[in-house]
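For reference, the structure is listed below as structure tokens.
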Amino acid sequence: MSIIIDGKASAARLRERIAAYTADLKAQHGVTPGLATVLVGNDPASEVYVRNKRKTAEALGFKSVHVGLPADVAQDELLRQVRALSADATVHGILVQLPLPKHLDEAAVLDALDPAKDVDALTPTNAGLLLSGRAHLVSCTPAGVMLLLKEYVGDIAGKEALVIGRSLLFGKPAAQLLLAANATVTMAHSRSRDLPALARRADILVAAIGKPEFVKADWIKPGAVVIDVGINRVEAEGGKTKLVGDVAYDEAAKVAGAITPVPGGVGAMTIVCLMHNTLIAACARNGLPLPQQL
Ligand code: NAP
């Protein structure tokens with residue numbers, strides 16, 4: 001039986017350290033980290049994500065600003081709002097909840113965002129800094145995965161890592177971070193050939209596909225570390241729904257050396273890493289040392 005990687009417990013510990021650092025920042029420097037959330041429309045899942053981010057920010061003592069816009073908002077108005085937040089000195093981090101409705105241009109919205117406040121690290125500036133090994137704002141879910149690997153695996157130098165999925169939000173930054181930690185990294189996607197064979201070589205298998213229970217137990221090298229990023233809502237008994245990952249967890253847990261559950265694994269880390277990024281952005285803006293090693 002594998003070790004269950006408890007993202008919830010790791011996230012709770014990181015959250016405590018952020019709260020303590022924030023209290024010191026306020027007491028010693030009079031700086032209150034500020035996080036702005038921007039939500040367009042009323043997609044129920046996005047509403048829940050944004051509500052949780054706002055609640056976490058408030059609980060940590062951050063200033064929380066929210067801009068809610070109707071689903072049919074004009075591109076110009078959205079850009080105006082994002083530029084106003086970029087210019088607001090009390091806001092250190094801006095989170096535009098994606099995806100946006102189809103009529104809006106996501107790239108133009110990211111271009112309107114001050115990269116220093118881009119706490120999701122989606123702007124080309126932050127993606128480029130990550131590639132150059134100079135990023136201090138790193139995409140939240142990949143950052144959370146690296147913290148879990150650090151805690152549960154330690155040194156990953158020389159290990160074979162496979163990342164399935166190449167999104168800007170997760171797969172690409174995750175591969176860069178694994179590479180920076182000296183893993184031998186392979187990226188797979190929908191055009192990759194013989195995914196099970198690629199997966200069987202991996203000491204660290206990271207799945208970010210968005211397909212429920214796609215990765216099967218016989219794809220996993222015995223003893224490998226399995227990081228399941230997927231969050232998929234599927235039908236359960238009694239007409240209810242439940243969340244499952246991209247890995248067939250029950251069977252995979254019999255083969256893996258360590259595995260993240262869904263929920264309670266990677267997802268738990270994401271919001272806390274967003275708060276960590278906001279804290280980093282607030283320190284950077286005020287010329288204070290960055291809290292990298294929390
Ligand atoms: P995405 O943008 O839809 O990307 C999915 C990736 O999976 C793409 O690169 C795609 O390949 C690849 N893929 C699709 N079908 C495949 C197949 N049959 N074989 C191999 N690769 C395949 O998704 P995302 O934003 O990265 O999210 C992925 C999952 O992670 C989703 O379930 C999402 O909800 C979850 N997620 C969770 C968190 C969290 O906080 N835990 C954060 C972000 C995302 P192509 O590029 O070739 O199309």
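Just so you know, ligand 1 is whichever comes first in the structure, and atom 1 is the first atom listed for that ligand. It should be emphasised that the depicted structure is a prediction, and the values quoted were computed from it without experimental measurement.
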Considering only non-hydrogen protein atoms, determine which one is nearest to [atom] and report residue, atom name and distance to 0.1 Å.
atom                    : value
atom 46 (O) of ligand 1 : R166 NE, 2.8 Å
atom 15 (N) of ligand 1 : K211 CE, 3.2 Å
atom 40 (O) of ligand 1 : T270 OG1, 2.7 Å
atom 18 (N) of ligand 1 : F214 CZ, 3.2 Å
atom 43 (C) of ligand 1 : L169 CD2, 3.8 Å
atom 45 (P) of ligand 1 : S190 OG, 3.4 Å
atom 35 (C) of ligand 1 : V229 O, 3.4 Å
atom 16 (C) of ligand 1 : I209 CG2, 3.6 Å

| request: Could you tell me which residues satisfy side-chain contact (heavy atoms from CB on, under 4.5 Å) with P124, sequence neighbours excluded, listed by chain and number? | output: D111
For [X] and [Y], which heavy atoms make the closest approach, and how far apart are they?
X    : Y    : value
M187 : G171 : CE-O, 3.7 Å
L179 : V185 : N-CG2, 3.6 Å
P261 : I5   : CD-O, 3.1 Å
T22  : L60  : CG2-O, 3.6 Å
T260 : G265 : CB-CA, 4.1 Å
A143 : L177 : N-CD1, 4.1 Å

With heavy-atom distances below 4.0 Å as the criterion, list the atoms of ligand 1 near [X].
X    : value
L195 : 19 (N), 20 (C)
N232 : 32 (O)
G210 : 28 (C), 29 (C), 31 (C), 32 (O)
G267 : 40 (O), 41 (N)
G165 : 6 (C), 7 (O), 9 (O)

| Is the closest protein non-hydrogen atom to atom 27 (O) of ligand 1 under 4.0 Å? | no
| Residue portion contacting ligand 1 (non-hydrogen atoms closer than 4.0 Å) for I231 |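 Contact part for I231 vs ligand 1: both backbone and side chain.
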| message | If we set the cut-off at 4.0 Å for heavy atoms, which region of T141 has an atom near ligand 1: side chain, backbone, both, or neither? | response |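 T141 to ligand 1: side-chain contact only, backbone stays beyond 4.0 Å.
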Salt bridge flag under 4.0 Å for residues [X] and [Y]:
X    : Y    : result
D114 : R285 : yes
R80  : E77  : yes
E58  : K53  : no

| field | N or O pair under 3.5 Å between R191 and ligand 1 | value |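 Looking only at distances, the answer is no, because the N/O contact criterion of under 3.5 Å is not met.
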| message | So for ligand 1, is S167 a polar contact partner (N or O within less than 3.5 Å, distance only)? | response | yes
| Does at least one non-hydrogen atom of A188 fall below 4.0 angstrom from an atom of ligand 1? | no
| task | Provide the full list of ring pair (Phe, Tyr, Trp, His ring centres under 6.0 Å) pairs with a residue in residues 194-221, sequence neighbours left out, each pair given once. | result |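 As it turns out, the ring pair (Phe, Tyr, Trp, His ring centres under 6.0 Å) pairs with a partner in residues 194-221, which skip direct neighbours, are F214-W219.
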| Are the side chain of Y152 and the backbone of V225 linked by a donor-acceptor contact shorter than 3.5 Å? | no
